[in-house]
Amino acid sequence: DQQVKQNSPSLSVQEGRISILNCDYTNSMFDYFLWYKKYPAEGPTFLISISSIKDKNEDGRFTVFLNKSAKHLSLHIVPSQPGDSAVYFCAASEGESRDDKIIFGKGTRLHILP
Amino acid sequence: GAGVSQSPSNKVTEKGKDVELRCDPISGHTALYWYRQSLGQGLEFLIYFQGNSAPDKSGLPSDRFSAERTGGSVSTLTIQRTQQEDSAVYLCASRTSGYEQYFGPGTRLTVT
C-alpha cells in the first residue's frame with residue numbers, strides 16, 4: 001500500500017520550459033513534504049521541502065505547491081536546464097517530533113531535451 | 001565536512017552467502033536510516049536508528065536482514081543467506097534535528 005505515489009515514471013521537457021512533477025499521498029497525517037533529486041550512481045540529495053501549514057515554497061528555479069485537500073503536491077522547475085535531468089523523489093513525514101521515518105515515492109525520471 | 005560514506009561501493013556475491021554493508025554517517029547526526037532501491041523501484045525503507053532508542057525495524061523484509069549501530073555512529077547492515085531478489089542498491093542516510101536526510105552514495109549489491 002503506497003502512501004506516497006508518483007504516477008509518472010518519466011517526463012520529458014524541452015530546455016527552457018517548465019517541468020512539473022506531481023506527487024499524491026494517502027496519509028492525512030503527513031505534515032511535512034520533501035523533494036529529493038538523484039543522479040545515477042549517487043545518493044539522493046535534498047532539493048526543497050514544505051510544511052503542511054504552507055501551500056507554496058520557492059527556492060530559486062524550484063517551487064513546491066501543496067494542496068492538502070487534494071492530498072497533492074507538485075514541484076515546478078522553471079526554466080528547466082540540462083543539469084535538471086535526474087530522478088526526482090517525493091517524500092513525506094508525519095509527527096511533530098520529526099523522529100518518524102520518511103516515506104518515499106517511486107520517483108519520476110526527468111529528461112530535459114536540448 | 002565529510003558526508004555520509006558507504007562501503008563497499010559494489011558487492012557481487014553468490015546466492016546463499018552472507019554480506020555486510022557499512023555506513024559511516026555524518027559526525028554528530030543522531031538518526032540513521034537504511035533504504036534499498038531495487039531496479040525500477042523507489043526507495044524502500046528498511047530500518048531506522050535514533051539515538052539510544054530501540055531501532056524501528058518495521059521495513060526489514062525478512063529475518064535474514066539485520067542491522068546494528070555501534071556507539072551511535074557506524075552502522076552495519078547484514079544480509080544472511082543472500083537471495084537473488086536481494087540484488088539492489090542499498091542506501092544509508094543520516095540526519096540531525098531537521099527533516100532533511102543526507103544520503104551516502106549507496107552500495108550496489110548483486111547476488112548471482
Side-chain angles (χ1 to χ4, degrees), chain A residues 1-10 21 23-25 27 30-54 57 59 62 64 66 73 86-109, chain B residues 2-10 21 23-26 29-60 67 88-110:
Chain A
D1 178 30
Q2 270 191 282
Q3 297 187 65
V4 178
K5 301 177 185 179
Q6 294 178 256
N7 292 320
S8 298
S10 67
L21 296 100
C23 178
D24 297 291
Y25 61 95
N27 186 345
F30 285 145
D31 64 357
Y32 202 81
F33 304 89
L34 309 93
W35 285 93
Y36 282 79
K37 176 179 180 179
K38 185 181 185 301
Y39 292 120
E42 296 182 10
T45 55
F46 170 76
L47 192 56
I48 193 170
S49 62
I50 188 166
S51 164
S52 60
I53 63 173
K54 294 185 175 182
N57 188 26
D59 183 2
F62 302 90
V64 56
L66 176 62
L73 64 155
V87 176
Y88 289 79
F89 290 99
C90 172
S93 179
E94 62 173 291
E96 296 177 356
S97 68
R98 297 186 175 180
D99 284 343
D100 294 303
K101 59 181 179 278
I102 295 175
I103 308 297
F104 286 82
K106 290 191 173 184
T108 296
R109 183 176 299 277
Chain B
V4 177
S5 61
Q6 292 185 245
S7 61
S9 54
N10 280 285
L21 312 179
C23 172
D24 283 271
I26 293 173
H29 279 197
T30 55
L32 186 147
Y33 301 76
W34 282 97
Y35 297 88
R36 75 175 175 182
Q37 186 179 18
S38 303
L39 190 63
Q41 299 298 310
L43 295 173
E44 177 188 4
F45 166 79
L46 296 176
I47 189 169
Y48 160 50
F49 296 90
Q50 172 60 50
N52 296 321
S53 302
D56 178 348
K57 304 179 182 180
S58 60
L60 295 178
V89 176
Y90 288 81
L91 290 157
C92 173
S94 71
R95 68 170 173 82
T96 179
S97 56
Y99 282 100
E100 180 184 347
Q101 296 181 355
Y102 296 82
F103 282 84
T107 294
R108 181 175 295 279
L109 175 66
T110 304

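In what follows, every chain begins at residue 1, and chains take the letters A, B, ... in the order their sequences are listed.
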- Item | Which of A:Ala91, A:Gly107, A:Pro44 touches chain B most, by non-hydrogen pairs under 4.5 Å |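 The answer is A:Pro44.
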Side chain / backbone / both / neither for [X] at chain A, heavy atoms under 4.5 Å:
X       : value
B:Tyr35 : side chain
B:Gln37 : side chain
B:Ser58 : side chain
B:Leu91 : side chain

How long is the span from the [atom1] atom in [X] to the [atom2] atom in [Y], to the nearest 0.5 Å?
X        : Y       : atom1 : atom2 : answer
A:Tyr88  : A:Leu47 : OH    : CG    : 6.5 Å
B:Trp34  : B:Gln6  : CH2   : CD    : 5.0 Å
B:Leu109 : B:Ser38 : CG    : OG    : 10.0 Å

Exercise. What class does the angle between the rings of A:Phe104 and A:Phe89 fall in, given that below 30° is parallel, 30 to 60° is tilted and above 60° is perpendicular?
Worked result: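 Correct class here is perpendicular.
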Query - Donor-acceptor contact present, side-chain B:Thr30 to main-chain B:Gln50, <3.5 Å - result: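 It does not hold such a pair.
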